[in-house]
There are 2 protein chains.
Amino acid sequence: MRIGELARKTDVPPRMLRYYEEQGLITPRRLDNGYREYDEYLVDRVRKIRGLLDAGIPTRIIGAILPCLGQTSAIVVDDPDPELRAMLVEQHDKMIERIAFLEQNRDALTRYIDAMDHAAATGD
Amino acid sequence: MRIGELARKTDVPPRMLRYYEEQGLITPRRLDNGYREYDEYLVDRVRKIRGLLDAGIPTRIIGAILPCLGQTSAIVVDDPDPELRAMLVEQHDKMIERIAFLEQNRDALTRYIDAMDHAAATGD
DNA sequence: CTTGACCTTCACATGGGTGTGATAGTTGGA
DNA sequence: TCCAACTATCACACCCATGTGAAGGTCAAG
């Protein structure tokens with residue numbers, strides 16, 4: 001598919017798709033026109049990129065860990081690079097932290113909203 | 001405490017503490033010198049701000065939800081503003097999304113790291 | 001009284017993600 | 001054939017979080 005369709009499917013503007021390409025996160029083929037041609041699997045990939053960006057992870061890091069996030073992890077393991085491993089562990093730990101933190105705040109918001117609703121239902 | 005001590009305790013540079021103040025996230029008292037004086041409870045608050053920023057939440061939103069994240073939620077509920085409620089629910093939902101997303105990727109990283117370790121332990 | 005560590009404000013810079021517009025080439029249908 | 005919709009590249013600009021440095025005030029210790 002071309003860039004417009006991918007943009008529609010992922011709700012990510014073409015401008016950003018080109019930017020992610022520039023950052024090395026996606027590498028579409030080119031048609032004879034020069035038009036970018038995206039494979040279907042890139043839809044998922046772009047969604048993943050968006051999620052990671054929204055979670056505050058910069059493209060540099062995304063580029064590094066993206067190849068390791070596929071469900072078919074068995075294939076990719078061939079060079080036991082200790083530096084890569086350290087980095088993955090680091091990002092893994094950061095994610096755990098973020099999750100715990102967000103869970104806390106999610107619960108706090110739940111409580112607050114419930115309290116609002118309760119206050120509105122009983123007194124006023 | 002003054003800004004330097006708070007900076008040390010929270011690992012957030014003074015520059016950023018002033019910035020958060022400018023954004024309305026913290027409001028320290030002033031000594032007769034003009035020096036900022038921070039209460040102890042602001043340590044936690046700054047840590048919360050950092051966590052939210054790290055999670056990709058902009059200061060504008062942080063300012064809006066921060067008053068609702070205290071553990072003493074019972075006190076603050078007095079005006080049942082429906083707009084506020086809608087916003088809180090929106091942020092709450094976004095947090096849930098982020099959590100689910102991060103959990104997925106955390107698990108993917110876990111699997112990948114395990115696979116690396118396994119590959120290193122058996123073959124080479 | 002001076003020095004050094006702290007604080008103040010102000011301003012300018014930078015980096016990353018994003019928006020927008022100019023200019024131009026391609027394509028497919030009326 | 002021409003128009004509309006798409007695409008391409010390039011450039012400029014914006015917001016936001018952050019760094020950095022200048023110029024100066026406060027204060028405690030020597």
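Convention: sequence-line order gives letters A, B, ...; per-chain numbering from 1.
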Does a side-chain N or O of B:Tyr20 approach OP1 or OP2 of D:dT18 to a distance below 4.0 Å, or not?
yes
Under 4.0 Å between a side-chain N or O of B:Thr59 and OP1 or OP2 of D:dA17?
yes
The remaining residues in the hydrophobic cluster of A:Ile96, counting side-chain heavy-atom contacts under 4.5 Å among Ile, Leu, Val, Met, Phe, Trp and Tyr, are none
Under 4.5 Å between side-chain heavy atoms, chaining through other members, with only Ile, Leu, Val, Met, Phe, Trp and Tyr counted: pull out the rest of the cluster around B:Tyr35, sorted by chain and number.
B:Leu31
Mind checking if B:Pro14 touches a base, just sugar-phosphate, or nothing, with heavy atoms under 4.0 Å?
nothing
Check every strand shown and say whether B:Arg60 touches a base, only sugar-phosphate, or nothing at a heavy-atom separation below 4.0 Å.
nothing
In whole angstrom, give the distance that lies between atom [atom1] of [X] and atom [atom2] of [N].
X: B:Leu53; N: C:dG16; atom1: CG; atom2: P; value: 18 Å
X: A:Ile49; N: C:dT18; atom1: CD1; atom2: C1'; value: 15 Å
X: A:Leu52; N: C:dG17; atom1: CG; atom2: P; value: 12 Å
X: B:Leu17; N: C:dC6; atom1: CG; atom2: C1'; value: 15 Å
X: A:Gln23; N: C:dG15; atom1: CD; atom2: C1'; value: 11 Å
X: A:Tyr19; N: C:dG16; atom1: OH; atom2: P; value: 7 Å
X: A:Met16; N: C:dT20; atom1: CE; atom2: P; value: 11 Å
X: B:Ile3; N: C:dA5; atom1: CD1; atom2: P; value: 18 Å

If you compare all heavy atoms of A:Ile65 against all heavy atoms of A:Met95, which two are closest, and at what distance to 0.1 Å?
CD1-CE, 4.0 Å
Closest non-hydrogen contact found for B:Tyr112 with A:Pro67 is CE1-O, 4.4 Å
Just the atom pairs and distances: protein N or O near nucleotides 27-30 of chain C's N or O, under 3.5 Å.
residue	atom	partner	partner atom	Å
C:dT27	OP1	A:Asn33	OD1	2.9

B:Arg60, CZ: over 12 other non-hydrogen atoms inside 6.0 angstrom:
no
Restricting both atoms to N or O, compile the protein contacts to nucleotides 9-13 of chain C shorter than 3.5 Å, with distance only.
residue	atom	partner	partner atom	Å
C:dT9	OP1	B:Arg30	NH1	3.3
C:dT9	OP1	B:Arg30	NH2	3.1
C:dT9	OP2	B:Arg36	NH1	2.9
C:dT9	OP2	B:Arg36	NH2	2.7

Going by side chain to side chain donor-acceptor pair (under 3.5 Å), name the pairs with one or both residues in residues 9-18 of chain A, residues two or more places apart or in two chains.
A:Glu5-A:Lys9, A:Lys9-A:Glu40
Presence of salt bridge, A:Lys48 and A:Asp44, under 4.0 angstrom
no
Does B:Asp107 form a salt bridge (Lys or Arg N to Asp or Glu O under 4.0 Å) with B:Arg111? I'd like the steps, not just the answer.
CA-CA 6 Å; B:Asp107 293 345; B:Arg111 279 194 298 275; 5.4 Å; no
Sorted by first residue and then second, give each salt bridge (charged side-chain N to carboxylate O under 4.0 Å, His left out) pair with at least one member in residues 93-106 of chain B; sequence neighbours left out.
B:Glu90-B:Lys94
5'-most by nearest nucleotide on DNA chain C - A:Ile62 or B:Glu5
B:Glu5
